[in-house]
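Everything on this sheet refers to the single structure shown next.
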Amino acid sequence: MMAFNYVGAPLKRLEDPKLITGQDPYVADVPIRNALYMAVARSPLAHARIRSINTEAAKKLPGVAAVVTGADVNAEIGIIHTEVAREVFDEMNRQGRYVLAEGRVRYVGEPVAVVVAENPRLAADAVDAIVVDYDPLPVVTDPEAALRPGSPLLYEESGSNVALRKKLGKGDVDQAFAGAAVVVEARLVNQRLLSIALEPRATSASWDEANRQMTVWASTQVPHGLRE
């Protein structure tokens with residue numbers, strides 16, 4: 001019976017007291033000598049072509065170590081694909097992405113450039129100095145409208161906005177419905193669920209040249225995957 005005492009009951013988490021009283025460090029609390037700070041320039045548009053990215057003013061600001069766009073890093077890093085195999089679904093519109101948008105943005109907040117500077121304030125100022133010339137493209141926000149013929153396509157080469165399809169069934173489904181005493185049809189809409197952490201996504205890293213070793217501090221649920 002002991003197990004049932006905990007089902008549906010509010011339970012205090014063991015890790016919270018140290019975090020909410022400042023006794024446990026967050027990533028930003030880890031002191032790193034001569035650290036540089038990164039800030040990201042993000043798209044304010046949901047869908048647009050990138051005509052140009054002007055980073056000259058940002059690069060000239062004091063304390064800025066580097067300003068990077070997709071043209072600088074995408075060829076080296078390559079295309080990032082989802083780890084889910086195509087075989088899992090009946091149909092999968094598997095599109096890769098770059099770490100920094102190049103040529104086109106496809107959602108609000110998509111990273112287009114990165115600034116590295118001596119402190120967070122300088123990095124933020126340099127992001128504001130980056131000028132991106134966007135050519136807005138048609139946008140659709142309703143998922144079902146996005147499936148209709150003629151709807152704006154995020155990936156024109158795919159010919160569809162469908163991300164994936166999967167049909168599940170076992171036995172003679174049609175016969176089961178035909179012989180059922182009652183058939184209920186329902187449309188179910190689930191709200192989006194977001195996990196909001198006390199600490200935002202963050203990463204700090206320190207390179208030890210003498211030992212050829214990288215030490216990383218991060219807010220992550222997958223430390224082993226992050227290490228790889």
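Distance CD1/Ile50 to OG1/Thr69: 9.0 Å, rounded to 0.5 Å. Rounding to the nearest 0.5 angstrom, the gap separating the CG atom in Leu36 from the OG atom in Ser204 is 11.5 Å. Annotation: the span from Asp142 atom CG to Arg148 atom CZ amounts to 6.0 Å, rounded to 0.5 Å. The CH2 atom of Trp207 lies 9.5 Å from the OG1 atom of Thr215; values are rounded to the nearest 0.5 Å. Between Glu91 atom CD and Ser160 atom OG the span is 6.5 Å, to the nearest 0.5 Å.
Val116 and Leu100 end up in the same hydrophobic cluster when Ile, Leu, Val, Met, Phe, Trp and Tyr side chains are linked at under 4.5 Å. Using a 4.5 Å cut-off between side-chain heavy atoms of Ile, Leu, Val, Met, Phe, Trp and Tyr, with links allowed through other members, Val40 and Val99 fall into the same hydrophobic cluster. Connection of Ile130 to Val112 is established within a shared hydrophobic cluster, with ILVMFWY side chains joined at heavy-atom distances below 4.5 Å, either directly or through further cluster members. Using a 4.5 Å cut-off between side-chain heavy atoms of Ile, Leu, Val, Met, Phe, Trp and Tyr, with links allowed through other members, Ile53 and Leu61 fall into the same hydrophobic cluster. By the criterion of side-chain heavy atoms lying less than 4.5 angstrom apart, applied directly or through intervening Ile, Leu, Val, Met, Phe, Trp or Tyr residues, Ile32 is not grouped with Val216; the two fall into different hydrophobic clusters.
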Self-check item: Derivation of the side-chain hydrogen bond (donor to acceptor under 3.5 Å, both in side chains) call for Gln95 and Asn93
Solution: CA-CA 6 Å; Gln95 300 290 342; Asn93 186 358; 2.9 Å; yes

Practice problem: Walk me through it: do Lys166 and Glu87 pass the test salt bridge (Lys or Arg N to Asp or Glu O under 4.0 Å)? | Solution: CA-CA 10 Å; Lys166 179 71 173 181; Glu87 294 74 21; over 6 Å; no

Practice problem: Output, in order, the C-alpha distance, side-chain angles, deciding distance and verdict of side-chain contact (heavy atoms from CB on, under 4.5 Å) for Tyr6 and Leu11. | Solution: CA-CA 8 Å; Tyr6 299 102; Leu11 301 177; 3.7 Å; yes

Quiz prompt | Trace of the side-chain contact (heavy atoms from CB on, under 4.5 Å) decision for Leu153 with Asn161 | solution = CA-CA 6 Å; Leu153 298 177; Asn161 284 322; 3.7 Å; yes

Quiz prompt | side-chain hydrogen bond (donor to acceptor under 3.5 Å, both in side chains) between Glu102 and Asn74, intermediate numbers included | solution = CA-CA 8 Å; Glu102 194 170 359; Asn74 286 344; 2.9 Å; yes

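Between the side chain of Asp29 and the main chain of Pro31, no donor-acceptor pair closer than 3.5 Å is present. Side-chain atoms of His47 do not come within 3.5 Å of backbone N or O of Arg106 as any donor-acceptor pair. Within the 3.5 Å criterion, the main-chain N or O of Thr82 finds a donor-acceptor partner in the side chain of Arg94. Side-chain N or O atoms of Ser151 include none that pairs as donor or acceptor with a backbone N or O of Leu147 at under 3.5 Å. Judged by distance alone, the side chain of Asn211 and the main-chain N or O of Gln213 form no donor-acceptor pair under 3.5 Å. Judged by distance alone, the side chain of Glu110 and the main-chain N or O of Arg42 form no donor-acceptor pair under 3.5 Å. Under a 3.5 Å cut-off, the side chain of Ser219 and the backbone N or O of Pro200 do form a donor-acceptor pair. Formation of a donor-acceptor pair under 3.5 Å by the Asp135 side chain with backbone atoms of Arg49 is not found in this model. Remark: the backbone N or O of Met92 is paired with a side-chain donor or acceptor of Arg86 at under 3.5 angstrom.
For Pro136 against Leu45, the heavy-atom pair with the smallest separation is CG-CD1, 4.2 Å. Scanning both residues, Tyr37 and Asn119, for their nearest heavy atoms gives CD1-CA, 3.5 Å. Of all heavy-atom pairs spanning Tyr98 and Gly78, the tightest one is CD2-O, 3.8 Å. Heavy-atom minimum distance, Val139 versus Thr141: CG1-CG2, 4.1 Å. Residues Leu226 and Ala218 share a closest heavy-atom pair of CD2-CB, 3.5 Å. Closest heavy-atom contact between Ala58 and Val64: O-CG2, 3.6 Å.
Annotation: Arg165, atom CZ; neighbour count of heavy atoms from other residues, nucleotides and ligands within 6.0 Å does not exceed 12. Enclosure of atom CD in Glu15 by more than 12 non-hydrogen atoms of other residues, nucleotides or ligands within 6.0 angstrom is indicated. Few gaps surround CD on Gln23; more than 12 heavy atoms of other groups in view lie less than 6.0 Å from it. More than 12 heavy atoms of other residues, nucleotides or ligands shown are found within 6.0 angstrom of CD on Glu209. Environment of NZ in Lys167: sparse, with no more than 12 heavy atoms of neighbouring residues, nucleotides or ligands closer than 6.0 Å. In His81, the NE2 atom is crowded: over 12 heavy atoms of neighbouring residues, nucleotides or ligands sit closer than 6.0 Å. Counted within 6.0 Å of CD on Glu157, heavy atoms from surrounding residues, nucleotides or ligands total more than 12; the atom is thus considered enclosed.
By the 4.0 Å N-to-carboxylate-O rule, Asp208 lies too far from Arg212 to be salt-bridged with it. Electrostatic pairing of Lys18 and Asp24 does not count as a salt bridge here, judged by no charged N lying under 4.0 Å from a carboxylate O.
For the pair Arg104 and Tyr134, the cation-pi criterion (under 6.0 Å, within 45° of the ring axis) is not fulfilled.
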